[in-house]
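Structure record follows, encoded as structure tokens.
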2 protein chains.
Amino acid sequence: MKQKYNLIANELRRQNIRLSHLRKKVLEYLCQNPNHPTVDEIYVKIHKEVPNLSRTTIYNTLHILIKAGLLRLINIEDNETRYDIATQNHGHFKCEECGAIFDFNIDIDSFPIKELTGFKITDKNVYFKGVCPGCLLNIKNDN
Amino acid sequence: MKQKYNLIANELRRQNIRLSHLRKKVLEYLCQNPNHPTVDEIYVKIHKEVPNLSRTTIYNTLHILIKAGLLRLINIEDNETRYDIATQNHGHFKCEECGAIFDFNIDIDSFPIKELTGFKITDKNVYFKGVCPGCLLNIKNDN
DNA sequence: TTTAAAAATTGTAATGATTACAATTTATTA
DNA sequence: TAATAAATTGTAATCATTACAATTTTTAAA
Ligand SMILES: [Mn+2]
Ligand SMILES: [Mn+2]
Ligand SMILES: [Zn+2]
Ligand SMILES: [Zn+2]
């Protein structure tokens, strides 16, 4: 999505964070693949065009984007960190059959929680797990 | 909490899962420390009483309890897995200053999500991050 | 343009939590 | 008691992430 890319590029400029060639590649990938990729998925793809790419550069870029508030780190499975260029408030559903992660809208702010009065909340996360409709259908047909 | 322990012990018996000496220790620890401990915190404590304890045993026991549906794995930070003996639906708040994890009540089921119609949902998680009141006070006083 | 300083990138090694697995010990059953 | 099954140990392997020094590239100054 070119629009998203431009918005983020502007914000980086505003924050005096340089958008180098490689960082552009990473940002382009993230905007074009909002399906919550892993570091390795990003690396493997960009590595095809830039053979002497280092994984460290991917990590660096992702950390920079996160620090700038332009990327969200998603922690559903304990062994695979994923990244989400969509920073607006939304929830995630992970299918435990096919591994896909689906976005869904949830207005978590509409649930004021009494117990957290006096807490400073900076980040809200919601994620569900289960089986997606496609996989449910496959499972049924396999019987 | 002795009551919780007994409930879980009964359920394990019902599922034909043996409650060995070491598993008892782990379960006792979890019931007495519902503050979402890490594997290492559990290991270090029990190791004092059982010097030739193996970390593998802790991992085994935790995996067994999770599989039996009696323990929840909590994934807030990507480098520290935590465990929660409270399996009823509730949310977590992690203070990024002191690291403490607070429970809070949230009836996530009262938010039907249209986009997930046709999905089989087996697990719902909510966690927030920020700063707890105690740490907010300390920060203010440090100025 | 030339030069010096700063920033970005690379590549290798270290870290650390989790898992794999064979050997050993302990508990259960016949 | 002996045979079998289950639990536990301890070491090695795995694998994602981080640390960090060396190198390359970019930027800014002279
Ligand atoms: Mn998302
Ligand atoms: Mn909890
Ligand atoms: Zn699926
Ligand atoms: Zn705190």
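Please read these numbers as outputs of a predicted model, since none were measured by experiment. To find a chain, count down the sequence lines: A is the first, B the second, and so on, and within it residues start at 1.
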**Asked** A:Asp40 near the nucleic acid: base, sugar-phosphate alone, or nothing, with a heavy-atom cut-off under 4.0 Å?
**Response** nothing
**Request:** Ignoring backbone atoms, test whether A:His21 places a side-chain nitrogen or oxygen under 4.0 Å from the OP1 or OP2 oxygen of C:dA8.
**Result:** no
**Asked** Between B:Glu41 (CD) and C:dA17 (C1'), how many Å, whole number?
**Response** 14 Å
**Side chain of A:Asn60 - closest among C:dT28, D:dT9, C:dT10** = C:dT10
**Request:** Please determine if a side-chain N or O atom of B:Arg23 lies less than 4.0 Å away from the OP1 or OP2 oxygen of D:dT8.
**Result:** yes
**Message:** D:dG10, OP1 or OP2 - any side-chain N/O from B:Thr56 closer than 4.0 Å?
**Reply:** no
**Request:** Using a cut-off of 6.0 Å, state whether more than 12 heavy atoms not belonging to B:Gln88 lie near its atom CD.
**Result:** yes
**Message:** Within a 6.0 Å radius of atom NZ on A:Lys4, are there more than 12 heavy atoms belonging to other residues, nucleotides or ligands?
**Reply:** yes
**Request:** For C:dA17, take OP1 and OP2 only and decide whether either is under 4.0 Å from a side-chain N or O of B:Thr81.
**Result:** no
**Asked** Under the side chain to side chain contact (heavy atoms under 4.5 Å, CB included) criterion, do B:Thr61 and B:Leu22 qualify, and how do the steps go?
**Response** CA-CA 9 Å; B:Thr61 305; B:Leu22 290 176; 5.8 Å; no
**Prompt:** Just how far, in rounded Å, is C1' of D:dT18 from CG of A:Leu62?
**Reply:** 14 Å
**Prompt:** If you look at every strand shown and take non-hydrogen atoms under 4.0 Å, does B:Asp78 touch a base, only sugar-phosphate, or nothing?
**Reply:** nothing
**Request:** Take the protein atom CD1 of B:Ile58 and the nucleotide atom P of D:dT8, then report the distance between them rounded to whole Å.
**Result:** 10 Å
**Between D:dT9 (C1') and B:Leu53 (CG): distance, integer Å** = 9 Å
**Request:** For B:Asn125 and B:His92, run side-chain hydrogen bond (donor to acceptor under 3.5 Å, both in side chains): C-alpha distance rounded to whole Å, both residues' side-chain angles, the deciding distance at 0.1 Å, then the answer.
**Result:** CA-CA 9 Å; B:Asn125 295 274; B:His92 290 115; over 6 Å; no
**Message:** I want to check one thing: is the phosphate of C:dA8, taken as OP1 and OP2, less than 4.0 Å away from some side-chain N or O of A:Thr57?
**Reply:** no
**Item:** Side chain of B:Ser20 - closest among D:dT17, D:dT8, D:dT27
**Value:** D:dT8
**Request:** Between B:Ile17 and B:Pro51, just flag the one whose closest nucleotide in DNA chain D comes earlier from the 5' side.
**Result:** B:Ile17
**Message:** Could you tell me how far apart B:Glu77 (CD) and C:dG16 (P) are, to the nearest whole angstrom?
**Reply:** 17 Å
**Request:** Starting from C1' on D:dA7, measure out to NZ on B:Lys24 and report it in whole angstrom.
**Result:** 14 Å
**Asked** C:dA17 P sits how many Å from B:Arg55 CZ, rounded?
**Response** 8 Å
**Request:** Decide yes or no for B:Phe104 and B:Val126: does some side-chain heavy atom of the first lie under 4.5 Å from some side-chain heavy atom of the second?
**Result:** yes
**Item:** Distance in angstrom units between B:Ile42 CD1 and C:dT18 P, rounded
**Value:** 10 Å
